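One structure below.
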Amino acid sequence: MVRDPEPVTDDEIEAAREKMGEQREDIREYLADELGGDPSDYDSRAYFQDIVDDVDGSEGQAVPDGGEGSE
């Protein structure tokens with residue numbers, strides 16, 4: 001693979017992000033049509049946010065060795 005010697009500009013990065021966003025919507029709609037449910041059911045950002053919330057929330061707190069109540 002040959003690399004482009006020119007660095008990618010901020011405008012090019014933004015254009016790629018916009019295009020990826022459009023594709024996400026199309027893919028979610030396709031999955032909902034093929035597999036059932038609502039397009040929002042296939043939103044990976046929501047899925048990964050739930051994981052972050054679990055880790056950052058009280059249920060995701062680190063437990064000392066030995067588990068709860070070990071002293």
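In this text, all values refer to a predicted model and were calculated from it rather than measured experimentally.
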Original post:
Can you pull the salt bridge (Lys or Arg N to Asp or Glu O under 4.0 Å) pairs that have at least one residue in residues 33-49, sequence neighbours excluded?
Top reply: Arg28-Asp43, Asp43-Arg45

Original post:
With sequence neighbours excluded, what pairs up with Ala32 under the side chain to side chain contact (heavy atoms under 4.5 Å, CB included) test?
Top reply: Pro39, Tyr42

Original post:
Cluster partners of Val8, using ILVMFWY side-chain heavy atoms under 4.5 angstrom, listed by chain and number?
Top reply: Ile13

Subject >> Pairs where residues 10-27 contributes a residue and the test side-chain hydrogen bond (donor to acceptor under 3.5 Å, both in side chains) is met, not counting sequence neighbours >> reply: Thr9-Glu12

